[in-house]
Q: 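Before anything else, here's the structure in question.
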Amino acid sequence: MRDAVLIFDGDCGFCSRVVEWIFARVGPGVRAVPFQVFDLEANGIPEDRVRREVVWLSPGGETRGGVDALSAVLAAATSRHLRAIGRWSTAFPVARPARLAYRVVARNRHRLPGGTGTCRIRA
């Protein structure tokens with residue numbers, strides 16, 4: 001694999017809109033792929049993980065999830081402001097509230113703009 005990949009729920013309208021917005025601001029070397037068309041098994045990524053959080057897969061095979069995945073994507077942004085947000089989102093003291101906010105948004109994504117019943121995370 002040559003590019004880093006952000007794996008997301010392509011059936012979720014909210015997730016697709018957020019990924020579209022982010023990737024309009026990210027440079028080359030990073031791509032976004034819905035988990036529904038990505039070979040999760042070959043990359044050792046459990047499907048239940050990508051159903052509950054976005055996953056970053058580096059060219060070297062490292063995975064990160066949730067806020068850590070988004071911060072890795074933002075690190076590749078063309079905007080220095082977005083790169084800074086990416087760095088700050090995983091730094092103390094911001095990391096803990098950022099992770100909590102991510103979990104709240106993920107659990108409620110079906111209620112957010114673009115979200116539908118298919119966005120609901122089933123526990």
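Treat the numbers as computed from the prediction; the structure is a model and nothing was measured.
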Q: Is the positively charged end of Arg17 above the ring of Trp21, judged by distance under 6.0 angstrom from the centroid and angle within 45° of the axis?
A: no
Q: Could you measure the distance from the CZ atom of Phe35 to the CG atom of Asp11? Nearest 0.5 Å is fine.
A: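 Nearest 0.5 Å value for the CZ-CG distance: 6.5 Å.
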Q: Is any side-chain heavy atom of Tyr102 closer than 4.5 Å to one of Leu70?
A: yes
Q: Treat each ILVMFWY residue as a node, draw an edge where side-chain heavy atoms are under 4.5 Å apart, and state whether Ile22 and Val33 are in one component.
A: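 No.
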Q: Report yes if the side chains of Phe14 and Asp9 come closer than 4.5 Å at any heavy-atom pair, otherwise no.
A: no
Q: Within the supplied structure, the quantity of interest is the number of heavy atoms (other residues, nucleotides, ligands) at a distance under 6.0 Å from Gln36 CD; does it exceed 12?
A: yes
Q: Is there a path of hydrophobic side-chain contacts, each under 4.5 Å between heavy atoms, that joins Ile85 and Val26?
A: yes
Q: How far does CZ of Arg120 sit from CZ of Arg109, to the nearest 0.5 angstrom?
A: 11.0 Å
Q: Test of understanding: clusters of I, L, V, M, F, W, Y form through side-chain heavy atoms closer than 4.5 Å, transitively. Do Leu6 and Phe38 belong to the same one?
A: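 In one cluster with Leu6: Phe38, no.
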Q: Indicate if Val73 and Ile45 have the same hydrophobic cluster label, given that clusters are the connected sets of ILVMFWY residues with side-chain heavy-atom separations under 4.5 angstrom.
A: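 No, it is not one cluster - the side chains of Val73 and Ile45 are not joined through contacts under 4.5 Å.
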Q: Do you reckon Val67 sits in the same ILVMFWY cluster as Val94, going by side-chain contacts under 4.5 Å, direct or chained?
A: no
Q: With side chain to side chain donor-acceptor pair (under 3.5 Å) as the rule and sequence neighbours excluded, what pairs involving residues 78-99 come up?
A: Asp68-Arg99
Q: Let me check something: any side-chain donor-acceptor pairs from residues 49-57 under 3.5 Å, sequence neighbours excluded? List them with distances.
A:
{"residue": "Arg49", "atom": "NE", "partner": "Glu53", "partner atom": "OE2", "Å": "2.8"}
{"residue": "Arg49", "atom": "NH1", "partner": "Thr63", "partner atom": "OG1", "Å": "3.3"}
{"residue": "Arg51", "atom": "NE", "partner": "Glu47", "partner atom": "OE2", "Å": "2.9"}
{"residue": "Arg51", "atom": "NH2", "partner": "Glu47", "partner atom": "OE2", "Å": "2.6"}
{"residue": "Arg52", "atom": "NH1", "partner": "Asp48", "partner atom": "O", "Å": "3.3"}
{"residue": "Glu53", "atom": "OE1", "partner": "Gly66", "partner atom": "N", "Å": "3.3"}

Q: Applying side-chain hydrogen bond (donor to acceptor under 3.5 Å, both in side chains), can you list everything that pairs with Glu62, at least two apart in sequence or on another chain?
A: Arg64
